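Below is one structure, written out as structure tokens; the observations come after it.
What you see is a predicted model, and the numbers here were worked out from it, not measured in a lab.
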Amino acid sequence: MAFSITYHPPTRAISILPGIFQSNEPHQTEWITPEGWSVSDAKEAFEARHPGAVVLRCDDIGNPYGNLQ
């Protein structure tokens, strides 16, 4: 599965309160996940792997109607 993720990266390596130390410019990347993952699974896994990052939008590239905004 492939997801397009728009997120605010943390400005510190490890932030104590996610969302407080965010940069102004959102970033975008593709996130490849195992088959069968949902949009919310991808969002949660991305934020867990990148502490302090906040996902603004997560789109299933193969399914444009199953998006989280």
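E30 CD to D59 CG: the interatomic distance, rounded to the nearest 0.5 Å, is 11.0 Å. I5 contributes atom CD1, which lies 12.0 Å from atom CZ of R57 (distance to the nearest 0.5 angstrom).
Between D60 and F3, the closest side-chain pair of non-hydrogen atoms falls below 4.5 Å.
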Please report, to 0.1 Å, the donor-acceptor pairs under 3.5 Å made by any side chain of residues 31-39, with sequence neighbours excluded.
| residue | atom | partner | partner atom | Å |
| --- | --- | --- | --- | --- |
| S38 | OG | S40 | N | 3.4 |
| S38 | OG | S40 | OG | 3.1 |
| S38 | OG | D41 | N | 3.1 |
| S38 | OG | D41 | OD2 | 3.2 |

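Partners of Q28 according to the side-chain hydrogen bond (donor to acceptor under 3.5 Å, both in side chains) rule, which considers only residues two or more places apart in sequence or in another chain, are S4.
Just one of E44, H50, K43 meets the side-chain contact (heavy atoms from CB on, under 4.5 Å) condition when paired with V55; it is K43.
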